[in-house]
Amino acid sequence: METSSPRRGSANVSASALDHWRSHSPTGSERRKLSYHPTDPWDLPLSTTPDSTPAVNTTPQTSSATRILQVSIAVLYCLLAAGPVFGFAAIKPVLVHEGVYRDQCTPQEVKDKVWVCYGQELRLNLMFTVAAVSTNVCALPVGTVLDRYGPKIASLVGVVLLTLGALFMAFAQDLPFDAYIPGYLFLALGGPFVFISSFQLSNTFPAHSGFILALLTGAFDTSSAVFLVYRLIYQQTDSRFTPKKFFLIYLIVPALILLAQLLVMPSQSYTTASETSADVNALVSQVDMDTEATGLLKKHNSSDAKAQDTTVTRSGVWGALHGRTALQQIMTPWFILIALFTLLQMTRINYFVATLRTQYTHLLHSRNAAIQLNNFFDVALPLGGVAAVPLIGLVLDHTSTTFVLALLVGVATTIGILGIVPEMWAGYANIVLFVLYRPLYYTAVSDYSAKVFGFETFGKVYGLIICLAGLFNFSQQGLDTLTHGVLKGDPVPVNVGLLITAFLVGVVLVGFVWRKSYTMQRDKLEEEAEGAREVQMPADLDTSA
């Protein structure tokens, strides 16, 4: 929805309209991480052709100071509320120390004073599994609410969910039922409503939309540090700063978001003009530009189209399934292979986050060493999301899709190998690679989906990939049961099984995409050659005459 549009008869065009052009690819300055956020139709071009569109600030009545304030507030509350549940590895020791689910332990385990017993471990991990699955699956309803009711209503839904989550977590020990799982679930559901509805703020300053998106996604990644900060305070206060106190204080966050939505944030999404370059004349007519501005607009459009052609050529698979229906697309190997790869990788990622300390306790035969690695991971996870942003841009902007997928398979395989090496150096190396790989993986899958499937079906197809992967994450409970039951706590067999399966699927995916990119490039060259001959024929006929 557009908040307003330039008045007809205006002979001037804003500088942002002439200086900034929105690409149809989610790469470049428009990069964003969609791992948990598959549907962002308000920020996607309407055309599936590899042309470019001019961005126009459609809210001239909103002052620059107000827009800066809106972006700043959104970054702040995304930092506090977008994804704190992914800091589970940081808050899990607090919950264990507080005796959460200690009733799941056997009398012998209690007598032996084990740090975390089998039943307790499974129940705590279920908290995170439910939250991780729900975060992915709920992206589709978030998009629906956002499209139908706007960012303010979507954010207010998030406020309600965050409030319920904090209250459940605060009073869980006083309630006659298990409130930890629903409490963590509500916190997980509230994050996407707040975060995804903030994406439209990238259009507050079209010339800097990429920077704004980077701030928002960086805030999401860093939000996992919320529970890390709490755990450090908990430890420094000798456990006096209980979860009940923390989550009651955390209620300030949804309260501040509520005030911001009522007093500062826009009711409707900021938008940009989204006509394709084929309709430039219609856009020019709409804003009634003068001749000089019109010429400048067309010049920029031609220049950006050439840059877009470079991106298309470099990708190698751009447009592979553009123009087909979502049903037709999901029936192809393009979809099946990336969906299988995604569900395996997402399961591995979330399994590692939930079980890091217990895995390394067994691998290194030392609880202290495992705690040391856990503490390093708690700090590295949010920092890795921020540090990976320039790496992601460099890789996706300057390499082919085949190379990107091969890189994902290579790094994921390396992480899997390091994860079964019983050495401290391997543990640190594993964590460093993991925190860099996680954002690259999520962004690369969304980039692949946009390039292969196109933008008209992007939300449906990519959303289905993430939903399926999220639902498959429930298998983590089975993996936990297998590890702590049959395997007596040894995580190596499960990790090896996931490693081999993911590697085989990844190799097939890379091979398929490489082959298709080769044939697509060959077909393109043949079409260009045939076109060149057809153009020359009239000249030959004239010469012979």
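Since the structure is predicted, the reported quantities are computational estimates derived from the model, not experimental observations.
- Applying the side-chain hydrogen bond (donor to acceptor under 3.5 Å, both in side chains) criterion to Lys244, with sequence neighbours excluded, gives Asp174.
- Applying the side chain to side chain contact (heavy atoms under 4.5 Å, CB included) test to Val507 and every residue at least two apart in sequence or in another chain returns Phe503.
- Salt bridge absent: Arg102 and Glu109 never bring a charged side-chain N and a carboxylate O closer than 4.0 Å.
- Using a 4.5 Å cut-off on side-chain heavy atoms (C-beta onward), Val100 and Arg123 make no contact.
- Remark: Thr222 engages Leu79, Pro382, Val386 in a side chain to side chain contact (heavy atoms under 4.5 Å, CB included) (not counting sequence neighbours).
- Although no hydrogens or angles enter the test, the distance criterion places a donor-acceptor pair under 3.5 Å between the side chain of Asp490 and the main chain of Val492.
- With values rounded to the nearest 0.5 angstrom, Ile68 atom CD1 is found 12.0 Å from Ile73 atom CD1.
- A ring-ring contact (aromatic ring centres under 6.0 Å, His included) with Tyr428 is found for exactly one of Phe376, Tyr360, Phe377, namely Phe376.
- Considering every non-hydrogen atom in both Ala219 and Val75, the closest pair reads CB-O, 3.5 Å.
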Taking it one step at a time, do Thr414 and Tyr437 satisfy side chain to side chain contact (heavy atoms under 4.5 Å, CB included)? CA-CA 11 Å; Thr414 304; Tyr437 170 80; over 6 Å; no
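- Taking the salt bridge (Lys or Arg N to Asp or Glu O under 4.0 Å) definition, one finds that Asp378 meets it with Arg231, sequence neighbours left out.
- In this structure a side-chain-to-backbone donor-acceptor pair under 3.5 Å is missing from Asp238 to Arg240.
- Taking the six-membered ring where tryptophan is involved, the planes of Tyr448 and Trp334 are tilted, since the angle between them lies from 30° to 60°.
- Inter-residue side-chain proximity for Val317 and Trp514 is flagged as unmet; no heavy-atom pair is nearer than 4.5 Å.
- Atoms CZ and SG, on Phe220 and Cys78 in that order, are 9.5 Å from each other to the nearest 0.5 Å.
- Using a 4.5 Å heavy-atom cutoff, the side chains of Gln173 and Tyr180 are in contact.
- Under the 3.5 Å distance criterion, the side-chain polar atoms of Thr501 are left unmatched by any main-chain donor or acceptor of Leu498.
- Contact record, Gln345 with Ala412: OE1-CB, 3.6 Å, taken as the closest heavy-atom pair.
- Ring pair Phe352/Phe434 is tilted by interplanar angle, where 30° to 60° counts as tilted.
- Here Leu479 contributes atom CG and Thr355 contributes atom OG1; the two are 9.0 Å apart, rounded to the nearest 0.5 Å.
- The one candidate from Asn125, Thr483, Asn495 that meets the side-chain hydrogen bond (donor to acceptor under 3.5 Å, both in side chains) condition with Tyr351 is Thr483.
- Aromatic pair Phe168/Phe247: ring centres not closer than 6.0 Å.
- Interatomic distance, Ser223 OG to Leu228 CG, rounded to the nearest 0.5 Å: 12.0 Å.
- For Leu167, the side chain to side chain contact (heavy atoms under 4.5 Å, CB included) criterion is met by Thr163, Phe171, Leu251, not counting sequence neighbours.
- Here the side chain of Tyr230 pairs a donor or acceptor atom with the backbone of Phe241 at under 3.5 angstrom.
- Thr401 places none of its side-chain heavy atoms less than 4.5 Å from the side chain of Ser517.
- Of all heavy-atom pairs between Ala89 and Asn374, the closest is O-ND2, 3.4 Å.
- The side-chain heavy atoms of Val445 and Ile338, taken from C-beta on, include a pair separated by under 4.5 Å.
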Assess the residue pair Gln372 and Asn368 against the criterion (side chain to side chain donor-acceptor pair (under 3.5 Å)); give the C-alpha distance rounded to whole Å, side-chain angles, the decisive distance to 0.1 Å, and a yes or no. CA-CA 6 Å; Gln372 186 176 343; Asn368 290 334; over 6 Å; no
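- Side-chain N or O atoms of Gln359 include none that pairs as donor or acceptor with a backbone N or O of Pro491 at under 3.5 Å.
- A distance-only check finds no donor-acceptor pair linking the side chain of Tyr184 to the backbone of Met169 [under 3.5 Å].
- Remark: Val505 engages Leu340, Phe341, Leu344 in a side chain to side chain contact (heavy atoms under 4.5 Å, CB included) (not counting sequence neighbours).
- Expressed to the nearest 0.5 Å, how far CD1 of Ile371 lies from OG1 of Thr361 amounts to 7.0 Å.
- Between the CZ atom in Arg438 and the CZ atom in Phe86 there is a gap of 6.0 Å [rounded to 0.5 Å].
- The minimum heavy-atom distance between Ala82 and Phe195, with the atom names listed, is CB-CB, 3.9 Å.
- Across Val194 and Ser155, no two heavy atoms sit closer than the pair CG2-O, 4.3 Å.
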Decide yes or no on side chain to side chain contact (heavy atoms under 4.5 Å, CB included) for Leu383 and Val435, but give the supporting numbers first. CA-CA 8 Å; Leu383 293 181; Val435 300; over 6 Å; no
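- At least one side-chain heavy atom of Ile500 sits under 4.5 Å from a side-chain heavy atom of Val496.
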Would Val411 and Tyr441 count as a side chain to side chain contact (heavy atoms under 4.5 Å, CB included) here? Give the steps. CA-CA 10 Å; Val411 176; Tyr441 153 73; over 6 Å; no
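- Between Phe335 and Gln329 the shortest side-chain heavy-atom distance does not fall below 4.5 Å.
- In this structure a side-chain-to-backbone donor-acceptor pair under 3.5 Å is missing from Arg367 to Trp115.
- Minimum interatomic distance between Val395 and Val404 (heavy atoms only, all atoms of both residues): CG1-CG2, 3.8 Å.
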Worked check of side chain to side chain contact (heavy atoms under 4.5 Å, CB included) between Val226 and Phe246: CA-CA 11 Å; Val226 170; Phe246 168 74; 4.1 Å; yes
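- Side-chain contact between Tyr234 and His97 is present, with at least one heavy-atom pair separated by less than 4.5 Å.
- Within the 3.5 Å criterion, the main-chain N or O of Phe403 finds a donor-acceptor partner in the side chain of Ser400.
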